[in-house]
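Note: hydrogens, waters and symmetry copies are ignored here, and every other heavy atom, side chains too, is used.
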Amino acid sequence: MRFAFLTLLLAFIPALAQQPVIAPPPRPVNPYARGEKMLDAYLKDQVKRVADNCLSDLTTKDEWEKRRPELRRQFLEMMGLWPLPAKTNLKATVVGTVDAGDFNVERLHFQSMPDLYVTANLYLPKPTPDNAAKKYPTILYLCGHGNLVENGISFGSKVPYQYHPAWFATHGYACLILDTLELGEILGQHHGTYREKMWWWQARGYTPAGVELWNAIRALDYLESRPEVDAKRIGVTGRSGGGATSWWIAAADDRPQVIVPVAGIADLYSHLCEGVTPRVAKGVISGHCDCMYMVNTYRWDFPMVAALVAPRPLLLGNSDADDIFPVAGYRRIADKVRKVYALYGAEEKFQLLETKGPHKDTPELRIGIDKWMNRWLKNDTTTEVKDDLPPPLKPQQLKVLAKLPEWRVNETVHEVFVRSARIEQPSNAAVAREWWSAKKPELLASLKEKVFGGWVQNPPPLKATVAADVTHDGVRLRAIDFVSEDCIELRLFVMSSPKVEKPAEVILSVLDEDGWSRWCDGLGSEFAEVLQLSRKPKRDNALFAQNRGVMESQKIAFAAIAPRGIGVTRWAEAGGFEDTMIRRRFPLLGQTLDGQRVWDARRAIAALLVQPDLRMGKLTIHGEREAAAIALYAGIFESAITGFDLWYLSNAHYDGATFLNVLKVLDVPQAVALAMPRKIALHVRTEADRAGWDWVVRLQRAFGSDALVVKVVGE
């Protein structure tokens with residue numbers, strides 16, 4: 001049988017050989033591979049720089065104490081709370097009380113600022129003859145993202161989290177539990193950049209974390225007004241989003257004496273680099289809304305926030321399988337914070353509570369919280385703590401508002417919480433000239449510190465190298481590779497006439513994605529290799545001929561830079577989820593994407609200036625739409641720019657290019673004024689658009705200048 005089978009197999013082999021070979025399907029080409037690789041390396045490099053600088057210079061307790069006031073001020077500023085708002089009348093109102101057997105629950109609201117409503121429940125032990133005049137140790141409980149909505153009615157997050165304050169009230173504590181801005185009885189907004197693409201939040205320097213912090217500060221003010229509360233024995237706790245707010249209030253305010261944030265913090269590496277969701281936008285930031293983050297102007301890592309709590313008793317709680325607060329991320333924080341507590345000789349006051357489980361409120365975490373509060377608020381280490389939760393109350397019993405207040409700002413507080421700068425120029429021309437001469441350097445200094453403070457302080461060598469030089473059909477194209485900063489290598493293009501040895505003017509275009517496509521189409525397939533394109537663009541012959549004629553007759557060279565994330569370094573589909581998550585990362589590095597692109601344009605200017613035939617004569621910078629703003633700011637900081645050619649530049653950062661905190665300093669008309677007295681051409685669509693530049697036109701008139709020209713050119 002074995003021999004017969006072998007004979008049959010040998011006979012079959014030639015037939016097999018005659019069958020067509022089916023090749024495996026080609027692997028799809030990832031058009032974003034280069035950009036992804038560059039971005040990943042950049043994020044890791046930047047995070048390492050920030051992490052290495054965090055708490056690396058601790059020396060003595062006295063030195064740390066000297067630093068703390070300024071660090072707290074910086075923290076409040078990054079929360080949109082510096083200077084601190086006025087503490088207006090809380091208008092606290094108790095609308096009813098629920099008898100829950102062993103404790104009472106007051107349903108109340110207060111206004112943390114005028115018309116900003118905070119709905120809350122205050123849990124109090126049932127009064128008895130023995131405790132009628134007693135002041136209780138008190139807990140401020142800060143809710144996470146756990147809202148209850150039934151039949152279109154929001155009951156807030158205080159309902160799903162009620163078992164925490166109920167436990168405290170049955171064990172001798174007062175406990176005030178707050179609804180959050182987004183998930184309260186009035187539904188505000190936590191997802192401005194995450195979901196709504198409100199990139200102007202970055203320009204305004206706004207984070208909903210600041211509102212949550214302010215509401216918690218005012219909640220402490222309210223608790224201090226209550227006769228049942230022992231103001232010297234206040235603890236704060238919360239989980240997830242409430243854990244983050246627990247960190248915020250403890251870092252900003254000394255009144256909380258004991259703090260237990262649960263599942264609310266991880267270090268910068270975890271937020272920006274750790275994990276695999278999504279493909280390129282790694283980091284757990286993809287699982288967090290905007291209330292989890294400060295606007296990181298001063299480039300902090302999160303251990304700095306925790307360090308501001310020392311030496312008060314602090315228990316960091318987390319589960320070991322929490323996918324949005326990874327183990328390594330909170331352990332690295334704990335390692336650094338222990339060193340701060342050691343300066344005070346208070347090592348026992350900082351502990352890490354790590355329990356088994358996912359991102360969930362487990363009995364082990366609750367028992368850990370309760371033990372810690374007993375230990376430090378009651379000096380009780382002997383009472384056995386059990387997770388003996390009372391029966392839950394019905395949502396209707398805890399609801400505060402019978403109807404929404406007519407005059408309220410909860411849904412729109414992001415529009416007013418952080419004020420934009422209002423720069424009014426004097427009406428008298430002579431006074432205006434003197435005023436602007438003093439104001440201009442002040443604004444430039446603020447831009448460098450608050451807006452572009454994330455720019456590299458010690459740039460690496462430029463390494464501007466001519467990588468290609470191709471002439472075809474009367475057009476010469478050079479490719480100049482250069483290093484913008486570590487991990488960011490870009491290519492600058494210079495198009496000129498081979499008949500012109502030294503151009504009289506170079507016009508540098510800062511390209512957006514549409515501009516990059518037009519630039520490539522204006523050259524055609526003969527230059528595809530120099531442009532590093534996998535496709536071969538079909539030449540726009542009319543544009544090609546026009547450029548060739550202008551370059552020869554007027555001795556002009558056209559240069560172009562596609563900043564990071566545009567063209568061949570594009571890393572995600574514009575406007576998609578990954579693109580959104582990437583753009584959300586940069587404020588945690590003290591930057592925005594557009595701010596980094598300004599830096600790229602500045603370095604492209606430097607790369608132009610080291611070319612012997614290009615550094616003489618005029619240098620005009622050009623851009624369209626948001627790229628016009630990038631060109632404008634690059635030119636402001638580069639004195640070699642002699643003129644600006646800006647098309648469809650928005651006159652407001654609210655809907656134009658986004659730079660961190662820029663609206664706290666100025667808006668676009670003032671930025672244009674900073675570029676004067678150099679020549680500026682603004683091309684606008686309509687007469688109404690022209691009117692948007694009246695501020696800078698009036699200033700120019702005061703100086704008797706004609707540097708700025710606003711032209712209506714239509715669409």
Side-chain angles (χ1 to χ4, degrees), residues 464 475-478 480 482 490-497 500-512 514-516 518-519 522-523 543 546-563 566 594 597-650 656-657 668-669 671-684 693 696 700 705-713:
V475 170
R476 179 189 180 193
L477 182 66
R478 274 174 283 179
I480 302 169
F482 67 95
L490 300 172
R491 177 164 282 192
L492 167 71
F493 300 98
V494 181
M495 180 171 59
S496 60
S497 170
V500 177
E501 200 170 305
K502 287 192 175 183
E505 180 179 8
V506 177
I507 300 175
L508 171 63
S509 292
V510 180
L511 304 177
D512 58 12
D514 289 340
W516 167 250
R518 290 197 304 274
W519 174 265
L523 286 161
L543 180 58
Q546 176 183 311
N547 286 338
R548 181 176 56 195
V550 169
M551 291 188 296
E552 182 177 345
S553 63
Q554 299 184 31
K555 296 185 177 182
I556 289 176
F558 293 109
I561 177 63
I566 292 172
D594 288 335
R597 287 172 171 168
V598 174
W599 176 259
D600 294 339
R602 291 187 63 192
R603 294 285 276 180
I605 293 167
L608 274 176
L609 295 176
V610 298
Q611 308 306 313
D613 62 322
L614 302 177
R615 60 185 173 213
M616 307 298 291
K618 297 179 180 178
L619 178 53
T620 299
I621 194 164
H622 159 263
E624 299 183 13
R625 297 172 296 275
E626 291 187 7
I630 293 167
L632 169 63
Y633 279 87
I636 287 171
F637 289 102
E638 294 295 335
S639 60
I641 296 297
T642 58
F644 298 79
D645 185 37
L646 307 175
W647 290 70
Y648 312 131
L649 173 67
S650 172
V668 185
V672 171
L674 291 177
M676 297 193 306
R678 291 171 286 177
K679 294 290 184 181
I680 306 167
L682 293 180
H683 303 269
V684 301
W693 301 103
V696 64
Q700 172 174 261
S705 170
D706 61 355
L708 173 66
V709 177
V710 184
K711 303 177 181 179
V712 177
V713 295

K.L.:
Please give me the minimum heavy-atom distance between A631 and L646, naming the atom from each residue.
P.N.:
CB-CD2, 4.1 Å
K.L.:
Please tell me if the side chains of L682 and F644 come closer than 4.5 Å, counting only heavy atoms from C-beta onward.
P.N.:
no
K.L.:
Do V475 and N547 have side chains that approach each other closer than 4.5 Å (heavy atoms only, starting at C-beta)?
P.N.:
no
K.L.:
First locate atom CD1 of I566, then atom CG of D514, and finally report the distance between them rounded to the nearest 0.5 Å.
P.N.:
10.0 Å
K.L.:
Can you name the nearest heavy-atom pair linking P677 to A707, along with the distance?
P.N.:
O-CB, 3.3 Å
K.L.:
Please check: side-chain N/O of R678 versus main-chain N/O of I641, any donor-acceptor pairing under 3.5 Å?
P.N.:
yes
K.L.:
Would you say Y648 and V713 make side-chain contact, with heavy atoms under 4.5 Å?
P.N.:
yes
K.L.:
Got a salt bridge between R518 and E624, using NZ or NE/NH1/NH2 to carboxylate O under 4.0 Å?
P.N.:
yes
K.L.:
Is the backbone N or O of H622 less than 3.5 Å from a side-chain atom of S509, with the two atoms forming a donor-acceptor pair by type?
P.N.:
no
K.L.:
Does the side chain of L614 reach to within under 4.5 Å of the side chain of R478, using non-hydrogen atoms?
P.N.:
yes
K.L.:
I621 and side-chain contact (heavy atoms from CB on, under 4.5 Å): which single residue from I561, V510, I630, I507 fits?
P.N.:
V510
K.L.:
Applying side-chain contact (heavy atoms from CB on, under 4.5 Å), run through F493 and L523 and close with a yes or a no.
P.N.:
CA-CA 11 Å; F493 300 98; L523 286 161; over 6 Å; no
K.L.:
Please find the pair of heavy atoms, one from A607 and one from L492, that lie closest to each other, and give the distance.
P.N.:
CB-CD2, 4.0 Å
K.L.:
Any heavy-atom pair between the side chains of F637 and I605 that's under 4.5 Å?
P.N.:
no
K.L.:
Do D512 and R625 pass the side-chain contact (heavy atoms from CB on, under 4.5 Å) test, and can you show the C-alpha distance, the side-chain angles, and the key distance before you say yes or no?
P.N.:
CA-CA 8 Å; D512 58 12; R625 297 172 296 275; 2.9 Å; yes
K.L.:
Check each of E552, R476, K502 against S496 using the side-chain contact (heavy atoms from CB on, under 4.5 Å) test, and report the only one that passes.
P.N.:
R476
K.L.:
Would you mind reporting whether V684 and W693 have side-chain heavy atoms less than 4.5 Å apart?
P.N.:
yes
K.L.:
Report yes if the side chains of V610 and F482 come closer than 4.5 Å at any heavy-atom pair, otherwise no.
P.N.:
no
K.L.:
Describe, in one word, how the ring planes of H683 and W647 are oriented to each other, choosing from parallel (under 30°), tilted (30 to 60°) and perpendicular (over 60°).
P.N.:
parallel
K.L.:
How long is the span from the CD1 atom in I480 to the CD atom in Q611, to the nearest 0.5 Å?
P.N.:
3.5 Å
K.L.:
Does any N or O in the side chain of E505 come within less than 3.5 Å of the main-chain N or O of T620, such that one atom is a donor and the other an acceptor?
P.N.:
no
K.L.:
Do you know which two heavy atoms are closest between A671 and Y633, and how far apart they sit?
P.N.:
CB-OH, 3.3 Å
K.L.:
Starting at CG of L649, measure out to CG of L632 and round the result to the nearest 0.5 Å.
P.N.:
6.0 Å
K.L.:
Any side-chain heavy-atom pair from L619 and E638 closer than 4.5 angstrom?
P.N.:
no
K.L.:
Between atom CE of M495 and atom CG of L477, what is the distance when rounded to the nearest 0.5 Å?
P.N.:
7.5 Å
K.L.:
Looking at S650 and V668, what are the two nearest heavy atoms and their distance?
P.N.:
O-CG1, 3.4 Å
K.L.:
Considering all heavy atoms of both residues, which atom of P563 and which atom of L511 are nearest to each other, and what is their separation?
P.N.:
CD-O, 3.4 Å
